[in-house]
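Below is one structure, written out as structure tokens; the observations come after it.
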Amino acid sequence: MLASSTTPDPYFFIVIFTGVALLFPLLPLALAWMWRRFFQPPKPGARKNATYECGVESVGEAHVQFRSQYYLYCIIFLLFDVEAIFLIPFAVAFTGLPVGAFIAILVFLLLLVEGLIWAWSKGCLQWAS
Amino acid sequence: MSEAMDQGLKSELQKQGIFVTSTQELYNWGRRNSIWPLQFGLACCAIEMIATAASRYDLARFGGEVFRPSPRQADLMIVAGTVTKKMAPQIVRLYNQMPDPKYVISMGACAISGGPFKQGYNVLKGIDRYIPVDVYIPGCPPRPEALLHAFMELQRKIDDQKLSGSDKAAFLKKDQPSEFPVPAFGEHDLQPPANPDLFHPPQIERK
């Protein structure tokens, strides 16, 4: 009975914690507000209130649209980029290759060339539609 | 406030453990030890400014190492280098976007007067034509020690600024402007070539 009256409730620390957590940001903000209110006159202006903080005036719209065609270009570029990685060791070892390996790489190339022709005929390489 | 308190009484109070006697003192102490400069350099002076901020000269000793990339968070503009006429409108605009109180250090011969390029067609003959400058540093370029000296001069200036009374600091007065007109390109030069409210060069009298 005596112990429970002297030791504080264990949840009391959460109350203290919440109080400090609220005071810590709110007190400086309140002090800054009071300072502005009683000492410093506000001096707003067109440039000071401008959204964009830069020496240069912003030009045009922020909502710029990119053509979705760009996405197709990227994927095709990525495919042929990977193809180039395969082609370099093939070109380096070209003279010492057996016939089977040579035919295998030709099949690989043929597949990609087919893909290129297909993309071309679908109009994927056309930038402006 | 305590501008009337003399130095002897102040040191006597400090011996007794009383260090802060007025709001103004506390406010200015805080301000002068946390001057955040705007992070931008224009020419070779900027290299000296970078050296000042780096470990050897260590601007952090004066509380000025926090170079801000945004004018909204900056207290001090160090105009470090040649201000071309192409760059001058941008600098004035950046100065306008800084919140009060704001200060300007004009670093080096070019920022003061155009320096070696004064006779050229494309260099502004001193940034004080468009924005008020607090401290000028001569030199081409000034050494980091000179920039530190300018920084200390600025701290002294901030320390002397009054919060109240008729001679209070300009940024506390309602009628003092915080923004200055941005010059634009005219046919031959920036228009206007100088802000007439701000730029009062000493008249040379030849006899």
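In what follows, chains are A, B, ... by sequence order, proteins preceding strands, each numbered from 1.
Enclosure of atom CZ in F12(A) is not indicated, since only 12 or fewer non-hydrogen atoms of other residues, nucleotides or ligands lie within 6.0 angstrom. By the 6.0 Å contact criterion, CZ on F86(A) is open, its count of non-hydrogen atoms from other residues, nucleotides or ligands being 12 or less. The number of heavy-atom neighbours closer than 6.0 Å to CZ of R61(B), taken from other residues, nucleotides and ligands shown, is above 12.
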* Step by step, work out the side chain to side chain contact (heavy atoms under 4.5 Å, CB included) result for Q97(B) and N49(A). => CA-CA 8 Å; Q97(B) 287 186 335; N49(A) 292 345; over 6 Å; no

* Asked: Are Q176(B) and K43(A) close enough, and set up right, to give a side chain to side chain contact (heavy atoms under 4.5 Å, CB included), and what steps lead you there?
  -> CA-CA 9 Å; Q176(B) 292 288 320; K43(A) 291 179 182 174; 3.9 Å; yes

* Please step through side chain to side chain contact (heavy atoms under 4.5 Å, CB included) for the pair E57(A) and R93(B), ending with a clear verdict. => CA-CA 9 Å; E57(A) 299 258 8; R93(B) 205 177 129 85; 3.4 Å; yes

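For Y27(B), the side chain to side chain donor-acceptor pair (under 3.5 Å) partners are W35(A), not counting sequence neighbours.
Contact of P101(B) with chain A is made through backbone and side chain together, with heavy-atom distances under 4.5 Å. Proximity to chain A (any heavy atom under 4.5 Å) is restricted, for K173(B), to the backbone atoms N, CA, C and O. In this structure, the portion of M98(B) lying under 4.5 Å from any heavy atom of chain A is its backbone and not its side chain. Residue contact with chain B, scored on non-hydrogen atoms closer than 4.5 Å, involves the backbone and the side chain of A50(A) alike.
Considering OH of Y95(B) and CZ of R47(A), their distance stands at 13.5 Å, rounded to 0.5 Å.
Salt-bridge annotation for D100(B) and K48(A): present, with a side-chain N of the basic residue lying under 4.0 Å from a carboxylate O of the acidic one.
Each salt bridge (Lys or Arg N to Asp or Glu O under 4.0 Å) pair with one or both residues in residues 66-85 of chain B, not counting sequence neighbours, appears once here: E53(A)-R72(B), K85(B)-D189(B).
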